[in-house]
Amino acid sequence: MYLRKVIGTLLSRIKCPSLTGCKFLIVEKINQDLTAKKQTEVAVDTVGAGDGETVIVVKSSSARMSIEGDNKNKLPIDAAIIGIVDSVEVSQV
């Protein structure tokens with residue numbers, strides 16, 4: 001699992017039919033202190049995240065498993081948002 005910040009929405013009228021109804025968000029990689037790394041990726045939103053929110057992202061087979069339905073293992077998904085972060089506390093060791 002990875003922390004990311006939602007920085008935008010991606011709209012696609014033409015896509016794989018199995019992705020109809022999926023919401024795509026642009027997420028930016030962040031450091032442990034929540035500062036931006038200036039690297040982005042697209043993730044399927046499964047929790048209703050919005051712009052500016054810090055989210056939890058899973059990748060690969062974990063991303064496909066986060067989608068409900070019988071065809072989830074056939075979906076061409078590499079990243080999925082599975083949670084919205086309320087707060088982060090990092091201990092200084």
Side-chain angles (χ1 to χ4, degrees):
M1 291 186 280
Y2 308 93
L3 289 179
R4 303 285 189 258
K5 183 162 293 258
V6 177
I7 62 167
T9 302
L10 185 142
L11 299 175
S12 174
R13 290 186 305 111
I14 301 171
K15 58 185 162 276
C16 177
S18 61
L19 294 175
T20 299
C22 290
K23 177 182 170 187
F24 300 104
L25 295 177
I26 302 168
V27 294
E28 183 172 39
K29 295 180 181 183
I30 55 177
N31 295 308
Q32 70 181 20
D33 63 356
L34 305 182
T35 58
K37 285 187 171 183
K38 304 297 182 191
Q39 297 174 338
T40 61
E41 61 187 340
V42 175
V44 173
D45 181 23
T46 68
V47 295
D51 196 34
E53 291 189 298
T54 301
V55 294
I56 303 167
V57 172
V58 292
K59 300 184 113 188
S60 301
S61 61
S62 296
R64 284 185 293 281
M65 292 172 59
S66 69
I67 305 295
E68 295 182 10
D70 295 334
N71 294 327
K72 64 183 175 185
N73 290 325
K74 296 178 183 177
L75 293 176
I77 295 173
D78 187 49
I81 298 169
I82 61 161
I84 300 171
V85 176
D86 294 316
S87 67
V88 176
E89 184 178 322
V90 178
S91 299
Q92 301 298 324
V93 182

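What you are looking at is a predicted structure, and each value in this text was computed from that prediction instead of being measured.
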Inspect the surroundings of CG in Asp86 and state if more than 12 heavy atoms from other residues, nucleotides or ligands are less than 6.0 Å away. no

Ile77 side, atom CD1; Ser18 side, atom OG - distance, nearest 0.5 Å: 7.5 Å

Working to the nearest 0.5 Å, report the span between CD1 of Ile30 and CZ of Arg4. 8.0 Å

In the hydrophobic clustering that connects Ile, Leu, Val, Met, Phe, Trp and Tyr at side-chain heavy-atom distances below 4.5 Å, which members other than Leu25 occupy its cluster, ordered by chain and number? Val6, Val27, Val47, Val55, Val57, Ile81, Ile84

Which pairs pass salt bridge (charged side-chain N to carboxylate O under 4.0 Å, His left out) with one or both residues in residues 44-59, sequence neighbours excluded? Lys23-Asp45, Glu41-Lys59

Once rounded to the nearest 0.5 Å, what's the spacing between atom CG of Leu19 and atom OG of Ser12? 8.5 Å

Decide yes or no for Glu28 and Lys38: does some side-chain heavy atom of the first lie under 4.5 Å from some side-chain heavy atom of the second? yes

Apart from Leu11 itself, residues in the same hydrophobic cluster as defined by side-chain heavy atoms under 4.5 Å: none

Do Asp78 and Val42 touch side chain to side chain, with heavy atoms closer than 4.5 Å? no

Checking the side chain of Asn31 only, and the main-chain atoms of Asp33 only, is there a donor and an acceptor separated by less than 3.5 Å? no

Please tell me if the side chains of Tyr2 and Ile56 come closer than 4.5 Å, counting only heavy atoms from C-beta onward. no

